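Each remark here refers to the structure printed beneath this line.
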Amino acid sequence: MASKDRALELLQAIYYDSIDRGDMTTAASAMHEDVLWTHVQVWEHHGYRRESGASELRGRAAVEAFLAERRQNLAEAGIRHKVRDLVIEGDKGAFVGAVEGPGPDRRFLVWFEIKDDRIWRYHLRPL
């Protein structure tokens, strides 16, 4: 069973803080080797548009490659990702997060599951 502190460490300290400093290898290390990762664009920037469906990736390596492709664009955007209002029961949880930076905060919701001390399921949707 995962603790709230461990979930926050995986999600904020390892995943989002690493993304925000451009360290995509460390960010991806928060993910389980067999992660199912889905994401709908929270805000439109650098030609990335909100699609009607979610991007879906399987496996840590695919998540790392996706993040690495966006490293420069994220740095140019000058944003930070913040976990807010996290709840967890057992190995499943959810949180409201925000992309902070130029302009108004953009909120999103993530459902996650933890397995083998890593994020095994990660589903992000904008609010």
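Numbers for residues simply follow the sequence, beginning at 1. Computed from a prediction, not measured in an experiment: that's the story for all the values here. Below, each value reflects all heavy atoms present in this structure, side chains not excepted, and no hydrogens, waters or symmetry copies.
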Atom pair [atom1] ([X]) and [atom2] ([Y]), whose distance is rounded to the nearest 0.5 Å:
| X | Y | atom1 | atom2 | answer |
| --- | --- | --- | --- | --- |
| Ser29 | Glu64 | OG | CD | 9.0 Å |
| Ile14 | Ile19 | CD1 | CD1 | 12.0 Å |
| Leu36 | Ile119 | CG | CD1 | 12.5 Å |
| Leu109 | Leu124 | CG | CG | 8.0 Å |
| His81 | Ser18 | NE2 | OG | 12.0 Å |
| Lys115 | His32 | NZ | NE2 | 5.0 Å |

Worksheet item: Mind checking whether Trp120 and Phe112 have ring centres under 6.0 Å apart?
Response: no
Worksheet item: Are side-chain N/O atoms of Thr38 and His123 paired as donor and acceptor at under 3.5 Å?
Response: yes
Worksheet item: Do Thr26 and Arg21 have side-chain atoms, one donor and one acceptor, less than 3.5 Å apart?
Response: no
Worksheet item: With distance as the sole test, does Arg107 use its side chain to make a donor-acceptor pair with the main-chain N or O of Gly97 at under 3.5 Å?
Response: no
Worksheet item: Can you tell me if Arg106 uses its side chain to pair, donor with acceptor, with the backbone of Pro104 under 3.5 Å?
Response: yes
Discussion item. I'd like to know if Glu69 and Arg71 make a salt bridge, using a cut-off of under 4.0 Å between side-chain N and carboxylate O.
Written reply: no
Are any non-hydrogen side-chain atoms of [X] and [Y] less than 4.5 angstrom apart?
| X | Y | answer |
| --- | --- | --- |
| Met31 | Arg118 | no |
| Val35 | Val63 | yes |
| Lys92 | Trp111 | yes |

Would you give me the side-chain donor-acceptor pairs under 3.5 Å for residues 82-91, sequence neighbours excluded?
residue, atom, partner, partner atom, Å
Arg84, NH2, Glu100, OE2, 2.6
Arg84, NH2, Asp105, OD2, 2.9
Asp91, OD1, Ala2, N, 2.6

Shortest non-hydrogen separation from [X] to [Y] and the atoms involved:
| X | Y | value |
| --- | --- | --- |
| Tyr15 | Ala30 | CB-CB, 4.0 Å |
| Pro102 | Gly78 | CD-O, 3.4 Å |
| Ile114 | Leu10 | CD1-CD1, 4.1 Å |

Practice prompt. Decide side-chain contact (heavy atoms from CB on, under 4.5 Å) for Asp117 and Arg6; before the verdict, give the C-alpha distance in whole Å, the side-chain angles of both, and the deciding distance to 0.1 Å.
Written response: CA-CA 8 Å; Asp117 200 40; Arg6 179 59 177 158; 2.9 Å; yes
Discussion item. For Phe108 and Phe95, take the angle between the two ring planes, folded into 0 to 90°, and tell me which bin it lands in: parallel under 30, tilted 30 to 60, perpendicular over 60.
Written reply: perpendicular
